[in-house]
Every structure is written in C-alpha cells, then in structure tokens.
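Below: the structure, in structure tokens.
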Amino acid sequence: MDQTPFLKLKRWQWWLLVAMNIFFLIAGQAAAVLLGRFYYDQGGKSKWMATLVQTAGFPILCFPFFLLRPSRESSASTTSPSIKTLALLYFVLGVLVAGDNMLYSVGLLYLSASTYSLICATQLAFNAVFSFFLNSQKFTALILNSVVILSLSAALIAVNDDSEGPSGVSKGKFLLGFLCTVGASALYSLLLSLMQLSFQKVLKKETFSVVLEMQIYTSLVASCVSTVGLFASGEWKTLHHEMEDFNSGRVSYVLTLVWTAVTWQVCAVGVVGLIFVVSSLFSNVISTLSLAVTPLAALVVFHDKMNGVKVIAMLLALCGFASYIYQNYLDDKKARRSQTDVQENHDNSSH
C-alpha cells in the first residue's frame, strides 16, 4: 500500500474503487488492441495515425474531470507545485507516452496479435525492477510467483499461435516489430513507475481529479507530438486514399479510429487509477491479465480458434492474478492494522 489517503476509505469502498479501475483497464485494453489489429487487417497503413488515436480521445476525460473536481480543492492547494514544475512534468511524460505509443504501433503492424501479446508480457518483469528501484516496492514470494505465472501464461498464448508476423512481413521487419514491442514494454513500465513517483513526490494530492488531470495533460502533449509526426512524415497525404480503400468502407474506417481513441482513454483511466489507488506494479499485472483476456475477445470478434493451450494460459493468468490480489489483501490488512495502532497510541497519549 503506497498511498495512505485511501486507508481513510472503508475496506469495501476501496475494493470497489479497485474493481472499477480493473474493469476499465481490461475492457479498454482488450477492445483497443483488437480494434488496432482490425485497422491494419482492413487496409490501414498509417503508423502515426495508429499512434495518434491512442491519446487523441483525451477530451472525453474533461467531463468527469470537471464533475469530480471539488470546489474546496483550490483553497486547500497551498502546497501544490509551481506551474513550471507541472508543465515540465506533463511535457516529459507526454513525450514519453507518444514515443511509447509509436513503438507499440510499429510492433502491432509487424507482429501477429499473439506474438505481440507475448512480448508485451515482458513489461511485468521490467516493471518489477523499476518499482523496486523507483517506488521502493518490496519483492515477496507471492509477487514473484504472480510475475512468473502471468509471464508464462502470456508466453503460452503466443507460442501456441503462429509466432510469425502477418502474411507478407519479411524477417527484417519481424525483427523490427519484435524490438519495438520490447522497447515499448520497457518504456511503458518506466512510465508507470514515474507516474507513481510523481503522485508521491511532486503532486502530493489525494483526489481522483489529479489522476484525470495528469492523464489529460500528458495525452494532450502526446497527441501534439503524434500530430506533428503525422504531418512531418507525410503520412497525412495518404489518409484520404486509405479511407477510400478501407475494406469495410469509409464509415467503418472513421468509426474504427473513433472507437479506438475512446477505448484507449477508458483503459488509461483504469491504468492511472490503479497506480494511484494501489501501485504501478499492480496496474501492470492487470494489464498483463488483460493480454490473456484479449484472445477470448478475439474468439468472439474474429472467430479465432480456442484450444487447450489457450484455456491453460487463461487459468494460469487467473492464478497469477489471484496470487497478486492476495498479496495486496495482506498489505491492506497490515497497513490498516498499523493505522489503528497509531490511532490508539494517539488516543492514549491525549488522555
């Protein structure tokens, strides 16, 4: 447990908040990955467009941001960091997010969805290391068990399927896709740890509106970087032609991009929410779990085959997930017990 403000919540409220964020992350990420693959399958070719839609949906977050923003927050924010510090923080995170999204777009273009899922699972191992150094996250047997089992699960899914790229992809491009996805996984893990660090050390606030604020501003910066990339690379000239040639039609092309943008934002709220309420390692474990859910979604949407290996991988993912949740339950119990002890000591000393 990294954030003490949430100890003020009743236990069931805290778990409800965690459950909501988990749902947002899993549903959002599974839908977004499938839509991203659908975009390429139907004839989409623009890597910068695939990168832009990952953050372009951020205006949607303004509605909950203004609804959830308490009026008393402005008067209580005497300790808030300077505008310059915030601008620098959001700018650096935003540029990192844009770079990360670009690497993921290249990876998804040159790899099959299953191979992509396998490599994305490496982010758990990266994150365990970053969390250890940046966020003083302790390694327990249960966490290690969870990391190993979840990584194994995603590995099984990928090795079981065609571990080559989509048809017509050369060895060189396959290698490029592989390296980009590994790089993206490492960068994503670093991002999660940096976000958690900035909540603790820089922002020092305990409201969900702070979570949304970070998401909105970093997405704004990332979208600007992606838009500059789209025009600088000259890919914008081909977009009209791409829309005309899209296999399932022009309306489908627009809807695919719009819904990809929306689902990535739903996922992002879940990610940032979990970092804020629990920790970056927990957020990453849930991300990896959703990689195991994606084949199930693919089964329904793309009529993919479901075989014994995929079933075993799903069960493994659930075991790893349960192991991590149990560790969190133990941490939660310990933190609440120590808080009660402090409260009792304080009461006794005041008498």
Side-chain angles (χ1 to χ4, degrees), residues 16-39 44 46 48-71 73 86-87 89-91 93-102 104-105 108 188 191-192 195 198-199 203 205 207-230 236 239 243 250-277 283 286-287 290 293-294 297 301:
L16 183 67
L17 199 58
V18 171
M20 259 172 52
N21 282 311
I22 288 175
F23 174 75
F24 285 157
L25 199 165
I26 292 182
Q29 187 170 342
V33 169
L34 290 179
L35 282 168
R37 190 62 257 170
F38 179 76
Y39 168 73
S46 171
W48 280 109
M49 179 52 88
T51 305
L52 178 61
V53 292
Q54 290 181 50
T55 50
F58 72 89
I60 298 165
L61 302 180
C62 294
F63 297 113
F65 177 65
F66 289 117
L67 285 174
L68 290 169
R69 191 165 196 163
S71 52
E73 189 179 279
L86 277 179
L89 174 71
Y90 291 144
F91 179 75
L93 286 175
V95 171
L96 283 176
V97 167
D100 187 43
N101 289 347
M102 183 59 187
Y104 274 132
S105 296
L108 195 55
Y188 180 70
L191 256 171
L192 290 186
M195 280 181 172
S198 45
F199 280 135
L203 300 168
K205 282 205 200 144
T207 56
F208 199 65
S209 65
V210 176
V211 178
L212 287 172
E213 190 177 291
M214 174 179 269
Q215 188 55 40
I216 288 167
Y217 288 127
T218 50
S219 296
L220 172 65
V221 173
S223 299
C224 291
V225 172
S226 306
T227 307
V228 168
L230 184 65
W236 64 278
L239 291 181
M243 183 162 77
R250 285 192 289 185
V251 176
S252 172
Y253 178 78
V254 175
L255 285 179
T256 302
L257 294 178
V258 169
W259 281 108
T260 308
V262 172
T263 49
W264 274 121
Q265 289 312 306
V266 170
C267 171
V269 171
V271 169
V272 185
L274 285 177
I275 296 169
F276 191 55
V277 182
S283 183
I286 306 298
S287 290
S290 82
V293 172
T294 307
V301 180

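Starting from 1, each residue takes its place in the sequence as its number. FYI, side chains are in, hydrogens and waters are out, and symmetry mates aren't considered; it's all heavy atoms of this structure.
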- Task: Specify the closest pair of heavy atoms between Val221 and Phe91, including all atoms of both residues, with the distance to one decimal.
- Result: CG1-O, 3.7 Å

- Item | Leu239 to Ser46 - nearest heavy-atom pair and separation | CD2-CB, 3.9 Å

- Item | Pairwise distance CD1(Ile60) to CZ(Phe58) - rounded to 0.5 angstrom | 10.0 Å

- Value for CG (Asp100) from CD (Gln54), rounded to nearest 0.5 Å, stands at 8.0 Å

- Note on the structure: On a heavy-atom basis, the closest approach of Ser105 and Ala50 is OG-C, 3.6 Å

- Taking atom CG of Leu34 and atom OG1 of Thr256, what is their separation to the nearest 0.5 Å? 12.0 Å

- Query: OG/Ser219 to CG/Leu93 distance, rounded to the nearest 0.5 angstrom?
  - Reply: 10.5 Å

- Which pair of non-hydrogen atoms, one from Val97 and one from Ala222, has the smallest distance, and what is that distance? CG1-CB, 3.9 Å

- Message: What verdict does the side chain to side chain contact (heavy atoms under 4.5 Å, CB included) test give for Met49 and Trp236, after you've listed the backbone C-alpha separation in whole Å, the side-chain angles of each residue and the deciding distance to 0.1 Å?
- Response: CA-CA 8 Å; Met49 179 52 88; Trp236 64 278; over 6 Å; no

Which pairs of donor and acceptor atoms, one on a side chain in residues 261-269, lie under 3.5 Å apart (sequence neighbours left out)?
unit_1: Thr263; atom_1: OG1; unit_2: Trp259; atom_2: O; d: 2.8
unit_1: Thr263; atom_1: OG1; unit_2: Thr260; atom_2: O; d: 3.0
unit_1: Gln265; atom_1: NE2; unit_2: Thr55; atom_2: O; d: 3.4

- Query: Out of Val53, Leu52, Leu35, which one pairs with Leu257 under the side chain to side chain contact (heavy atoms under 4.5 Å, CB included) rule?
  - Reply: Val53

- Message: If you compare all heavy atoms of Ser252 against all heavy atoms of Phe38, which two are closest, and at what distance to 0.1 Å?
- Response: OG-CE2, 4.0 Å

- Message: With rounding to the nearest 0.5 angstrom, report the CG to CH2 distance, Asn101 to Trp48.
- Response: 10.0 Å

- Task: Look up atom OH in Tyr39 and atom CG in Leu108, then write down how far apart they are to the nearest 0.5 Å.
- Result: 11.5 Å

